[in-house]
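Notes follow the structure.
Keep in mind it's a predicted model, so treat the numbers as computed, not measured.
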Amino acid sequence: MVHTIKRTLKEYGRGIIGGLIFSLPLIYTMEVWWAGFIAPPGYLLSAILVTFLLLLGYNRYAGMRKDSTFWEVCWDSVEEIGLAFIVSFLFLLLIDRINFEMSLDEIAGKVIVESMIVAIGISIGTAQLGQNDDDDDDDSGMDGDSKEGENAENGLIKTMILSICGAVLFASSVAPTEEILMIAVEAQTAHLLLMVFLSLILSSIILYFSDFKGSKTKDIGIKKMILHISIGYVIALAVSFAFLLFFGRTDGNSFEIVLAQMIVLALPGTIGASAGRLLIDGK
């Protein structure tokens, strides 16, 4: 029972990360917010139906459990859409694109439009971004004392380089957009603090708690975990500042606005610094 719950939580973790990886640029896109605001109910229902059919097909032919019955595949698809609703709602709430002063129709429209891509990302993330048990065992053998002492410095340099590459890759899709400045200007202090907290939580889930492909979870000390998570977030902030500088988003803005933009952009950057470096490494 405990093992089943643990495995389910890991699957949810990979699913959430997958949903964010594949949909985050759209979550940050103004046109998608407006599409959810103006879309008629019939369009929204059609989007849910089409997404459900796509998830049925994916889970049946490329999902994690190939021997599932039709009803199990249906349940998995419904579960992924439900999880996508939750993730989209919380993320839009975090970046202040929805609030409880809006009408229920506006909130529902924005959440549904964003959720459809998130749901497909969740399905792919759950099935494809996990590692095999054999891979995990092999990783534990590579972390022996003899190799750890020999390659500690090279490992840290490699981690930093791959983190930079991952952060650049993920943050670049939204860095030039006006939405980053818009979210930063309108964000309250509480929103920014929650973004920092969420960035660190997502990084820890990717690196240590979801059996993400390429992660090494055996014999990892708390100090090493904190070090790697901190490195990833600091790199994400640095990459964010570099993008803001390059695209002229620091000109004429106060320190508070620049810092807020860095925090907003560091959210996808942190996902890239963590997940991206594992996928780029491919080991």
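Pairs passing the side-chain hydrogen bond (donor to acceptor under 3.5 Å, both in side chains) check and including a residue from residues 98-107, sequence neighbours excluded, read E106-K110.
Rounding to the nearest 0.5 Å places CG of L20 at 7.5 Å from CG of L198. Taking CD1 of I205 as the start and CD1 of I229 as the end, the distance is 10.0 Å to the nearest 0.5 Å. Atom OG of residue S204 and atom CD1 of residue I226 lie 10.5 Å apart, to the nearest 0.5 angstrom. Distance check: E79 CD to D76 CG gives 6.0 Å after rounding to the nearest 0.5 Å. Separating the CD1 atom in I95 from the CE atom in M182 is a distance of 10.5 Å, to the nearest 0.5 Å. In this structure, NE2 on H228 lies 5.5 Å from CD1 on I231, to the nearest 0.5 angstrom.
Side-chain atoms of R14 do not come within 3.5 Å of backbone N or O of I206 as any donor-acceptor pair. Remark: the backbone N or O of L92 is not paired with any side-chain donor or acceptor of D96 at under 3.5 angstrom. Q261 contributes no side-chain N or O that, together with a main-chain N or O of A184, makes up a donor-acceptor pair within less than 3.5 Å.
Applying the side-chain hydrogen bond (donor to acceptor under 3.5 Å, both in side chains) rule to T270 yields no partners; only residues at least two apart in sequence or on another chain are considered. Under the side-chain hydrogen bond (donor to acceptor under 3.5 Å, both in side chains) criterion, S199 pairs with no residue, sequence neighbours left out. By the side-chain hydrogen bond (donor to acceptor under 3.5 Å, both in side chains) test, R97 pairs with E186, sequence neighbours left out. For F37, the ring pair (Phe, Tyr, Trp, His ring centres under 6.0 Å) partners two or more places apart in sequence, or in a different chain, are W34.
Between F22 and I117, the closest heavy-atom pair is O-CG2, 4.0 Å. Smallest separation of non-hydrogen atoms from V113 and G36: CG2-CA, 3.5 Å. Here the closest heavy-atom approach between residue P25 and residue S173 is recorded as CG-OG, 3.5 Å. Pairing each heavy atom of M116 with each of T51, the nearest pair is SD-OG1, 3.1 Å. Scanning all heavy atoms of the two residues, the minimum distance from A236 to G269 falls at CB-C, 3.6 Å. Smallest separation of non-hydrogen atoms from L44 and G109: CD1-CA, 3.8 Å.
No more than 12 heavy atoms of other residues, nucleotides or ligands lie within 6.0 Å of CE in M160, so this atom counts as exposed by the packing criterion. Around OH of Y43, the count of heavy atoms belonging to other residues, nucleotides or ligands within 6.0 Å does not exceed 12.
Both L55 and I86 are assigned to one and the same hydrophobic cluster, defined by single-linkage of ILVMFWY side chains at heavy-atom distances under 4.5 Å. Note on L237: it does not cluster hydrophobically with L193, by side-chain heavy-atom contacts below 4.5 Å among ILVMFWY residues.
As a member of the Ile/Leu/Val/Met/Phe/Trp/Tyr network built from side-chain separations under 4.5 Å, W71 groups with F70.
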Mind running side chain to side chain contact (heavy atoms under 4.5 Å, CB included) on L90 and F85 for me, showing each step along the way? CA-CA 9 Å; L90 292 177; F85 281 144; over 6 Å; no
Worked verdict on E80 versus Y12 for side-chain hydrogen bond (donor to acceptor under 3.5 Å, both in side chains): CA-CA 9 Å; E80 287 159 358; Y12 281 162; over 6 Å; no
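The aromatic rings of F89 and F100 are tilted relative to each other, their planes meeting at an angle between 30° and 60°.
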